[in-house]
Peer 1: 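Encoded as structure tokens, here's the structure I'll be asking about.
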Amino acid sequence: MTGTLFPLARPDRDSTRAAIVAAARELTVAGGWARVRMAGVAERAGVSRQTVYNEFGGRAGLADALADAEIALFTAGVRRELSAHGPHVRAAVAAAVRFALAEAAANPLIRVILTGSRDGADPLLPYLTTRSDVVMAAAAVPLLEWAGTHLPTVEPGALAFAAETVIRLAVSHVVLPLRPAEQTADALAGLVVLLLGAEAPR
């Protein structure tokens, strides 16, 4: 008897979306986002082109999903580093910034975005420049969670301002590093300590 009695199970939607995003990432690392085509992503992911469109709506939606996936990896690492240092502001923030800068330097997708493609600046660059609000909003979550647990006496407005400041500066150093990551991390940690004032543990 040939064939099967039951239809083959289809991967669930989450795994399909993850496969498409992974394929888009691979193609972007290989040649820059400007050269990525939906048909190429579909072929790499093993799905139809219509499936890619159904899930993401087009290149803009896929770019958003690609950026979101990278941001999620970074924020998970930042959360880990902060938690490892408990309430010690300088050590926790320095570790989180060191992690972010080191990961950015080693991340092939970010390297492609920053160096641009041969045709000019990579279209994903705005996620680190003019659209960096996406990055900052996501990065603020683990910082504020950590602060809420370990710095309950610090005024919320001061926490929000310190978080926004350190994230903005960290992103700027990802785009244009001015000094070694270790020095940058220590300097930004010291700045956060100053911004939070005497109520925050050093």
Side-chain angles (χ1 to χ4, degrees), residues 14-15 17-18 21-22 24-26 28-29 64-115 124-125 127-129 131-202:
D14 287 345
S15 63
R17 287 175 66 88
V21 171
R25 188 184 194 279
E26 292 171 7
T28 302
V29 169
D64 286 343
L66 181 57
D68 288 345
E70 294 300 307
I71 291 168
L73 292 175
F74 273 81
T75 54
V78 167
R79 181 177 283 109
R80 239 182 0 256
E81 295 296 329
L82 290 169
S83 298
H85 293 83
H88 304 291
V89 175
R90 184 182 291 272
V93 173
V97 173
R98 276 196 304 272
F99 166 82
L101 295 179
E103 285 296 303
N107 187 303
L109 178 61
I110 292 179
R111 189 159 55 244
V112 167
I113 293 171
L114 293 178
T115 57
L124 290 177
L125 183 60
Y127 285 94
L128 292 174
T129 53
R131 292 194 62 192
S132 61
D133 57 313
V134 177
V135 175
M136 289 188 291
V141 173
L143 274 169
L144 294 178
E145 288 175 352
W146 164 78
T149 299
H150 296 292
L151 308 176
T153 62
V154 179
E155 198 272 319
L159 284 175
F161 181 70
E164 180 181 351
T165 299
V166 72
I167 294 167
R168 283 183 181 275
L169 291 173
V171 169
S172 72
H173 281 276
V174 167
V175 175
L176 184 62
L178 298 177
R179 61 177 69 183
E182 186 76 26
Q183 293 180 25
T184 298
D186 289 343
L188 293 186
L191 176 60
V192 170
V193 168
L194 291 174
L195 291 173
L196 294 184
E199 293 180 325
R202 298 302 191 264

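What you see is a predicted model; the values in this text were computed from it and never measured.
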Peer 1: Between Ala187 and Arg179, what is the shortest heavy-atom contact and its length?
Peer 2: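 Residues Ala187 and Arg179, closest heavy atoms: CB-NH1, 4.1 Å.
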Peer 1: Can you list everything that forms a side-chain hydrogen bond (donor to acceptor under 3.5 Å, both in side chains) with Arg25? Sequence neighbours excluded, please.
Peer 2: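 Residues passing side-chain hydrogen bond (donor to acceptor under 3.5 Å, both in side chains) with Arg25: Glu70, Asn107.
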Peer 1: Please list all pairs meeting salt bridge (charged side-chain N to carboxylate O under 4.0 Å, His left out) that have one or both residues in residues 156-167, counting only residues at least two apart or in different chains.
Peer 2: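 For residues 156-167: Glu164-Arg168.
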Peer 1: So among Leu195, Val171, Leu188, which one has a side chain to side chain contact (heavy atoms under 4.5 Å, CB included) with Val166?
Peer 2: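 That would be Leu188.
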Peer 1: Could you tell me which non-hydrogen atom of Val154 sits nearest to which non-hydrogen atom of Ala158, and how far apart they are?
Peer 2: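 Looking at all heavy atoms of both residues, the shortest contact is CG1-CB, 4.3 Å.
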Peer 1: Please find the pair of heavy atoms, one from Ala94 and one from Ala185, that lie closest to each other, and give the distance.
Peer 2: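 Scanning both residues completely, I find the closest heavy atoms to be O-CB, 3.4 Å.
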Peer 1: Sequence neighbours left out, what passes side-chain contact (heavy atoms from CB on, under 4.5 Å) with Ala181? Give chain and number order.
Peer 2: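 Expected list: Leu101.
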Peer 1: How close do Val93 and Ala189 get, counting heavy atoms only, and between which atoms?
Peer 2: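 Taking every non-hydrogen atom into account, CG1-CA, 3.8 Å.
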Peer 1: At what distance, to the nearest 0.5 angstrom, does CG of Leu151 lie from CG of Leu144?
Peer 2: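 Leu151 CG to Leu144 CG: 10.5 Å, rounded to 0.5 Å.
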Peer 1: Could you tell me the separation between the CD atom of Gln183 and the NE2 atom of His173, rounded to the nearest 0.5 Å?
Peer 2: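 Gln183 CD to His173 NE2: 10.5 Å, rounded to 0.5 Å.
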Peer 1: Glu103: which residues meet the side-chain hydrogen bond (donor to acceptor under 3.5 Å, both in side chains) condition with it, sequence neighbours left out?
Peer 2: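 Not a single residue meets the side-chain hydrogen bond (donor to acceptor under 3.5 Å, both in side chains) criterion with Glu103.
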Peer 1: Please enumerate all residues that pass side-chain hydrogen bond (donor to acceptor under 3.5 Å, both in side chains) together with Asp186, with sequence neighbours excluded.
Peer 2: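 None.
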Peer 1: Taking all non-hydrogen atoms of both residues, which atom of Gly86 and which atom of Ala92 are closest, and how far apart?
Peer 2: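 That closest heavy-atom pairing would be O-CB, 4.4 Å.
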Peer 1: With side chains defined as the heavy atoms from C-beta onward, is the minimum distance between Leu178 and Leu176 less than 4.5 Å?
Peer 2: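 Sidechains of Leu176 and Leu178: in contact.
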Peer 1: Identify each donor-acceptor pair in which a side-chain atom of residues 71-85 lies under 3.5 Å from a protein atom, sequence neighbours left out, and give them as a table.
Peer 2:
| from | atom 1 | to | atom 2 | distance (Å) |
| --- | --- | --- | --- | --- |
| Thr75 | OG1 | Ile71 | O | 3.1 |
| Thr75 | OG1 | Ala72 | O | 3.0 |
| Arg79 | NE | Glu145 | OE1 | 3.0 |
| Arg79 | NH2 | Glu145 | OE1 | 3.1 |
| Ser83 | OG | Arg79 | O | 2.9 |
| His85 | ND1 | Glu81 | O | 3.0 |

Peer 1: Would you check if Val21 and Asp68 make a side-chain contact, meaning some heavy-atom pair closer than 4.5 Å?
Peer 2: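 Contact flag for Val21/Asp68 side chains = no.
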Peer 1: Taking Arg90 for the side chain and Val193 for the main chain, is one N or O donor matched with an acceptor at less than 3.5 Å?
Peer 2: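 A pair under 3.5 Å: no.
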Peer 1: Can you measure from OG1 (Thr184) to CG (Leu169) and round to the nearest 0.5 angstrom?
Peer 2: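 With rounding to 0.5 Å, OG1 (Thr184) is 10.0 Å from CG (Leu169).
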Peer 1: Given Trp146 and Val141, is the side chain to side chain contact (heavy atoms under 4.5 Å, CB included) satisfied, shown in steps?
Peer 2: CA-CA 9 Å; Trp146 164 78; Val141 173; over 6 Å; no
